[in-house]
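Counting convention: from 1, in listed order, for ligands and their atoms alike. Residue numbers count from 1 along this sequence.
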Amino acid sequence: MPPKKTLNQTKTWSSRFNEPVADLVKQFTASVSFDRRLADYDIIGSIAHSRMLADQEIISETDYVEIKNGLEKIQKEIKKGDFEWSIDAEDVHLNIEKRLIELIGEAGKKLHTGRSRNDQVATDIRLYLREAVHETADRINNLQLALVKLASENINTIMPGFTHLQVAQPITFGHHLMAYYEMLKRDKERLIDCEKRVNTLPLGGAALAGTSYNIKPEKVAIALGFNRICNNSLDSVSDRDFAIEYCSFSAILLMHLSRICEEIVLWMTPNFQFITLPDRLCTGSSIMPQKKNPDVPELVRGKTGRVNGNLIALLTLMKSQPLAYNKDNQEDKEPLFDSVDTVLTSLIIFEQLINGIKVNSARMKEAVKKGHATATDLADSLVKKGVSFREAHGIVANVVHYAESQNIELADLPLKKLREFCPMIDNSIKKSLSILSSVNSKNHIGGTSPQQVGNAIQSAKLELEEFSIMQKKKSMF
Ligand code: ARG
């Protein structure tokens, strides 16, 4: 018999060691302070794993019942805040296992049969992320609904469309809002697409090579609602590409939100005054009593930085890691959690922001009257009379040059004056200079005419309705 250890060892794996782990190393390597957030997923994963072990007669039915009851008790303790987390037990997995053994003894020691923390943690994160994906999709859908509602109230609200932030052509505010609807639609598609890869079960990969027990991961997959199981144990325990995909989706989503944030900030300035936000969604200044600041859109815009950072953190974490699991992967959680939290709070507050927007249509209309916004319409009308576009462009550029020198808007020039530049200009062409006719004329799919925007809104409403029905069906499993 080898001599029995007398060291005061506290770690599950410490019997192999000749001296206790240094406190600093214990603190440095422990993840329980942040991975305890996975506790619920860890428990449901363990219940499914032990059910399969019993089905496969690897453990007895009595062991399974004891494990299940013990884990459910632990779940309640955690919920009530009665659970004592300790860094001696390193992470969420070992904390729960330790408590299980305290509660039920021998049967608890069998839970870890045929698995490793490597496939366990990968399973936990996937379960966590699957739920986060579902919630994120719901939130995007709600935000899209808010955009569509505001757009439908503004099908006929005319505003300047900008390029280079200079007045370009008249558009409707409804059309402008629906552009963001489209961006979010693509974001939601990206999110739902990554769900397939998130929803794949790694359990069974064990430490890296699989396990010699007669396990049936398919059964665990069914019990936990996974669509499929990972095909390669080395890959399953080591890759975090599914989390990187969520972070990449988040970075793109926040980039899109940051664009509308920027516009909201601009639209609220005294120079624009296109919209106002209710006081409850703004903040004041500690020194300037007159200020009402758009802190919320500014903050969401600012949060783009952290979600970009999280994406880069995970990409860098995964880069050059040799197969299979390495402790580097413990660093996957905080960036992922942070991206999920940031995305969810940003989406929730953004929905309120959009619902709170009050539109100042008079100011929008006033703004579109400056900047010769219908110059392209004048050129297009000449083209329709047989002038080549390049020539028409030249004629109108001369008209604009003249109007500028007179400090007058193109649309306000009398017909007589216009004809001096091109005798083909007649009354019907002059009419094309009106803002309303400009907007109405962009009447094709994707155009800004109220009719087209109305159609886009109708299809959007259907899409959103279908999506929420699909989400509800999914959550029934
Ligand atoms: N806390 C670890 C993590 O988050 C769990 C896996 C530990 N595996 C190991 N071989 N040390 O990655």
Side-chain angles (χ1 to χ4, degrees), residues 9-17 20-46 49 71 74 78 83 85-101 111-132 198 200-211 220 230 232-244 246-247 310 313-341:
Q9 301 284 37
T10 51
K11 294 268 196 189
T12 309
W13 37 257
S14 55
S15 315
R16 183 231 181 277
F17 285 68
V21 168
D23 277 348
L24 194 59
V25 172
K26 218 189 261 179
Q27 277 158 22
F28 188 67
T29 54
S31 53
V32 65
S33 62
F34 51 88
D35 66 13
R36 54 199 266 191
R37 197 169 155 167
L38 295 173
D40 253 342
Y41 308 99
D42 197 70
I43 288 172
I44 63 161
S46 287
H49 172 69
L71 288 171
I74 294 172
I78 296 172
F83 191 89
W85 297 100
S86 121
I87 70 155
D88 283 332
E90 206 176 314
D91 56 24
V92 61
H93 324 291
L94 294 179
N95 266 271
I96 291 176
E97 191 183 318
K98 185 171 150 260
R99 177 72 183 134
L100 184 68
I101 295 169
L111 170 62
H112 213 49
T113 313
R115 77 170 184 193
S116 145
R117 275 183 297 158
N118 297 352
D119 56 348
Q120 189 180 354
V121 69
T123 304
D124 292 4
I125 307 167
R126 285 167 184 268
L127 284 169
Y128 156 80
L129 193 54
R130 186 176 73 187
E131 210 167 286
V198 170
T200 304
L201 177 73
L203 209 71
L208 74 161
T211 173
V220 183
C230 296
N232 182 294
S233 59
L234 299 168
D235 175 44
S236 71
V237 294
S238 63
D239 206 344
R240 296 292 183 263
D241 57 356
F242 62 92
I244 296 175
Y246 185 92
C247 287
N310 292 336
L314 287 199
L315 283 169
T316 314
L317 163 76
M318 208 64 242
K319 179 190 173 290
S320 309
Q321 266 198 54
L323 287 173
Y325 175 87
N326 301 283
K327 188 76 165 180
D328 312 41
N329 277 350
Q330 184 162 287
E331 285 289 305
D332 62 354
K333 291 166 204 63
E334 287 166 294
L336 179 63
F337 292 160
D338 187 67
S339 281
V340 170
D341 293 343

Note to self: Among all the protein's non-hydrogen atoms, which is closest to atom 11 (N) of ligand 1, and how far away is it?
What the structure shows: Arg117 NH2, 3.6 Å
Item checked: Residue, atom name and distance, where the atom is the protein heavy atom closest to atom 10 (N) of ligand 1 ->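 Of every protein heavy atom, Asn118 OD1, 3.1 Å lies nearest to atom 10 (N) of ligand 1.
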Polar contact flag for [X] and ligand 1 (N/O pairs, less than 3.5 Å):
X: Arg240; result: no
X: Gln330; result: yes
X: Tyr325; result: yes
X: His93; result: no

Checklist line | Exercise: do Asp91 and Gln330 side chains pair donor with acceptor under 3.5 Å | finding: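 Asp91 vs Gln330: no donor-acceptor pair found between side chains.
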Margin query: Salt bridge or not between Asp341 and Arg37? Use side-chain N to carboxylate O under 4.0 Å.
Written below: yes
Note to self: I'd like to know if Arg117 pairs up with Glu90 as an ion pair, taking the criterion as any Lys NZ or Arg NE/NH1/NH2 lying under 4.0 Å from an Asp or Glu carboxylate oxygen.
What the structure shows: yes
As an exercise, identify every atom of ligand 1 less than 4.0 angstrom from a heavy atom of [X].
X: Ser31; value: 1 (N)
X: Asp91; value: 1 (N), 2 (C), 5 (C)
X: Val121; value: 4 (O)

Next item on the list: Of the side chain and backbone of Lys333, name the one, both, or neither that has a heavy atom under 4.0 Å from an atom of ligand 1.
Entry: side chain
For [X] versus [Y], what's the shortest heavy-atom pair and its separation?
X: Gly205; Y: Asp119; value: N-OD2, 3.5 Å
X: Thr211; Y: Ala206; value: CB-CB, 4.3 Å
X: Ser238; Y: Leu323; value: OG-CD2, 3.5 Å

Next item on the list: Report the C-alpha separation of Lys333 and Leu38 in whole Å, then their side-chain angles, then the decisive distance to 0.1 Å, and conclude whether the side-chain contact (heavy atoms from CB on, under 4.5 Å) test is met.
Entry: CA-CA 10 Å; Lys333 291 166 204 63; Leu38 295 173; 4.0 Å; yes
